[in-house]
Amino acid sequence: MKPARTRFAPSPTGHLHLGGARTALYAYLLAKQTGGQFLLRIEDTDVKRTVAGAEQEIIDGLRWLGLDYDEGPDIGGKFAPYRQTERRAIYQRHAKVLMDKGRAYPCFCTPEKLEKTRQEQTKRKENPRYDGTCRNLAPDEAEKRIANGETHTVRFKMDQEGTTTAHDHLRGDIVTDNKQLNDQVLIKSDGLPTYHLAAMVDDHEMQITHVIRGSEWLGSFPLHVNIIRAFGWDEPTWVHLSVFLKPSGKGKMSKRDSAEANKDGHSVFIKDMEELGFTPEGVINWAALMGWGVAEDDVMTLNQMIERFSIDSLTPSPAAINFQKLDHFNATHIRLFSTEDLAARLKPYFTREGLTVNDGTLQKIIPLIRERLTTLDDCVAFGAFFFKDAVSPAPEDLVAKGLDAKRSAEVAKKCLEILSGLSSIDHATAEPALRSYVEESGLSPNQVFGLLRVATTGQKVSPPLFESMEIVGREKSLRRLENAIEILEKI
RNA sequence: GCCCCCAUCGUCUAGUGGACUAGGACGCGGCCCUUUCAAGGCCACGACCGGGGUUCGAAUCCCCGUGGGGGCACCA
């Protein structure tokens, strides 16, 4: 396949979300697989809706995901600028080309008038559409009004006869009756282009070979191919992706659904992912597989995806978001990281809890907690006690199952006696010693080890006991046991 | 209201007319392992939206329903 040039072209109006991330990912994969380029273009032609900081969030999000672009607003490139508000003259020039060809015309209708017409049409149960008032204005009159400084827009002159056939890579030919199409605004009265003009011009100028975008564009797809054909340009390959549905599969994600997701530690916004303990690898893998049909073996790194990706195996049907699957992919990738890598990724989650992390200790606990982590921040729940001087177990947790506090204290004392007798507390020495005590005492391993676990870690659920004691160290382990005995005797 | 798109286990999907007793993954249930929690191993449950065609033969092609989604702006 020839090198593909693809682009991610978001508008800076809100947070980078899952849908955008997946669109960017597919575009990135196609470009990288074919040895082409992936670029970022900011579609900020709606000045009123542009949100400060949104562009930076998009850039940060793509970087975090690992989707590095070859050309973009902050790094430049052969076809700079990559921010549409900075390309105003280019669109003006192209609008002029279309007007000269008789495929576009100035329109002097006011928004108020258009709105009124729309309401009347709706009332009459007609399809709301431009009524064509300015479509056939005499050229000299139009010119005069422009010269007079009358505010105007530029509209596309859509053929009113015949049909338009647009080809989507995933759906095949989509035939539309031209009567359904409208004379859309190309240049707004503020002089900036609408998406319809800007995106077509930029995709052509920037030599985009494959337009990968959301299926919300399917409605204006026929318009877009008409604009391109009016210019006489070649069309890119069009790939309209499916939309994401809420987990129930009933409709798109709403604000309420997002809040719901946040409640159980998930999010559809990329900016939240890191804080929630998700890895770029997990998020990417998860997002990739919603809409990309892979037969088997679906745990993949970015590089493996680049090798295996194909726009032919994308699916056109909507996909319900499944956060449990995100958990799965995240956990799976965590288990794939090297110890050093995982240590570096975990450290911030400990330090943000105010813990002082000893790097040597951190390395040692990785094998103990790695396969217990679903998200990176789970490391705190499992391993915070490694970095504390003392733990504060709940008294009731120290009482062994089936025993009372008094008896538990006796057991704890016996354990302390045994452990004190060891010159070093490690897995190899402590386990046999305590296990033989368990056997002769007639208690269950669960009772004795459970008590020791709570005493040592302060938790009922923890990494393996003896390995943990070894890392905590002899002195600290003994001190924690003594403390546990004190607590038990006070009950 | 009009237009467009989509339709396989609960969810993501494989399947491109015979290799389908419809495969995989997540989840769910069970068992094994086991000092807790995980991980791992094994097993089970579980789907071609409905109706008509076409064909020797249809999950696969066509039509009609139904359901779901998207669009109908000087927003993208």
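Lettering of chains follows the sequences in order, A, B, ..., and the numbering in each one begins at 1. Below, all heavy atoms of this structure are taken into account, side chains as well, without hydrogens, waters or symmetry copies.
Nearest nucleotide to the side chain of A:S189, out of B:rC72, B:rC74, B:rC75: B:rC74. Of the candidates B:rU13, B:rC26, B:rC74, B:rC26 carries the atom nearest the A:Q324 side chain, counting heavy atoms from C-beta on. Listed nucleotides: B:rC75, B:rG1, B:rA14. Nearest to the side chain of A:P128: B:rG1. The side chain of A:D46 lies closest to B:rA76 when the candidates are B:rC5, B:rA73, B:rA76. When the nucleotides B:rC2, B:rC5, B:rG10 are ranked by their closest atom to the side chain of A:R171, B:rC5 comes out on top.
Backbone-only contact: A:T315 has heavy atoms under 4.0 Å from sugar-phosphate atoms and none from a base. Contacts of A:P12 with the nucleic acid, taken as non-hydrogen atoms under 4.0 Å apart, are absent. Within 4.0 Å of A:C107, counting heavy atoms only, lies no atom of the nucleic acid at all. Across all strands shown, A:T45 has heavy atoms under 4.0 Å from sugar-phosphate atoms exclusively, and none from any base. At a threshold of 4.0 angstrom between heavy atoms, the contacts of A:L114 include nucleobase atoms, whether or not backbone atoms are also involved. When heavy atoms are screened at a 4.0 angstrom cut-off, A:G291 is found touching the sugar-phosphate backbone but no base atom. Residue contacts for A:P111: at a heavy-atom cut-off of 4.0 Å it reaches a base atom on one of the strands shown. As judged by a 4.0 angstrom heavy-atom cut-off over every strand, A:W217 is placed among the base-contacting residues. Across all strands shown, A:R118 has heavy atoms under 4.0 Å from sugar-phosphate atoms exclusively, and none from any base.
For the pair A:Q184 and A:R22, both in contact range of RNA chain B, the more 5′-proximal nearest nucleotide belongs to A:R22. In terms of position on RNA chain B, the residue among A:I187 and A:G251 whose nearest nucleotide sits closer to the 5' end is A:G251.
Taking the P atoms as reference points, B:rG15 lies 29 Å from B:rG65, given to the whole Å. When the C1' atom is compared between B:rG10 and B:rG46, the two are found 9 Å apart, to the nearest whole Å. Nucleotides B:rA44 and B:rG30 have their P atoms positioned 16 Å apart, rounded to a whole Å. Taking atom C1' in both B:rC42 and B:rC33, the straight-line distance is 11 Å, to the nearest Å. Distance noted for atom P between B:rG23 and B:rA47: 11 Å (whole Å). B:rA25 and B:rU8: their C1' atoms are spaced 15 Å apart (whole Å). Comparing B:rC9 with B:rU35, their C1' atoms are spaced 38 Å from each other, to the whole Å.
In this structure, B:rU54 forms no base pair with any nucleotide, since neither Watson-Crick nor G-U wobble geometry is met with both distances under 3.5 Å. In this structure B:rG67 sits in a base pair with B:rC6, meeting the Watson-Crick or G-U test at under 3.5 Å. Remark: B:rC31 base-pairs with B:rG41; criterion is Watson-Crick or G-U wobble with both hydrogen-bond distances under 3.5 Å. Nucleotide B:rC20 forms no Watson-Crick or G-U wobble pair with any nucleotide shown, as no partner meets the under 3.5 Å limit on both distances. Pair assignment for B:rC48 gives none, since no Watson-Crick or G-U wobble pairing has each distance under 3.5 Å.
Contact annotation: the side chain of A:L314 approaches that of A:I311 to within less than 4.5 Å [non-hydrogen atoms, C-beta and beyond].
Between the NE2 atom of A:H240 and the C1' atom of B:rG71 there is a distance of 12 Å, given to the nearest Å. Rounded to an integer number of Å, the gap from A:K179 NZ to B:rC2 C1' is 14 Å. Regarding A:L170, its CG atom lies at a distance of 21 Å from the P atom of B:rG69, rounded to whole Å. Between the C1' atom of B:rC9 and the CG atom of A:N322 lies a distance of 14 Å, rounded to the nearest Å. Note: CD (A:E216) to P (B:rG69) measures 15 Å, nearest angstrom. Regarding A:F323, its CZ atom lies at a distance of 23 Å from the P atom of B:rA25, rounded to whole Å. B:rC12 atom P lies 18 Å from atom CH2 of A:W292, rounded to whole Å. In this structure, NE2 of A:H328 is placed 17 Å from P of B:rC12, rounded to the nearest angstrom.
A salt bridge is absent between A:E410 and A:K413: the closest approach of a Lys/Arg side-chain nitrogen to an acidic carboxylate oxygen does not fall below 4.0 angstrom. A salt bridge between A:E55 and A:R83 is present, with a side-chain N of the basic residue lying under 4.0 Å from a carboxylate O of the acidic one. Ion pairing of A:K364 with A:E467 is absent here, as no side-chain N (NZ or NE/NH1/NH2) approaches a carboxylate O to less than 4.0 Å.
Using a 30° and 60° split on the angle between ring planes, A:W292 and A:F309 fall in the perpendicular class, above 60°. Ring planes of A:H224 and A:W217: tilted class, angle from 30 to 60°.
Heavy atoms from other residues, nucleotides or ligands lying under 6.0 Å from CD of A:E396 number more than 12. The 12-atom threshold is exceeded at NZ of A:K113, counting heavy atoms of other residues, nucleotides or ligands nearer than 6.0 Å.
Checking the phosphate oxygens (OP1, OP2) of B:rC75, a side-chain nitrogen or oxygen of A:K188 falls inside 4.0 Å. One finds no side-chain N or O of A:K113 lying less than 4.0 angstrom from the OP1 or OP2 phosphate oxygen of B:rA73.
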(request) Summarise how protein sits on nucleotides 33-41 of chain B as a single string, 5' to 3': B when a protein heavy atom is under 4.0 Å from the base, S for sugar-phosphate-only contact, - for no contact. (result) --BBBBSS-
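No donor-acceptor contact under 3.5 angstrom links the side chains of A:D378 and A:Y349, judged on distance only.
A:Q447 contributes a side-chain N or O that, together with a main-chain N or O of A:S444, makes up a donor-acceptor pair within less than 3.5 Å.
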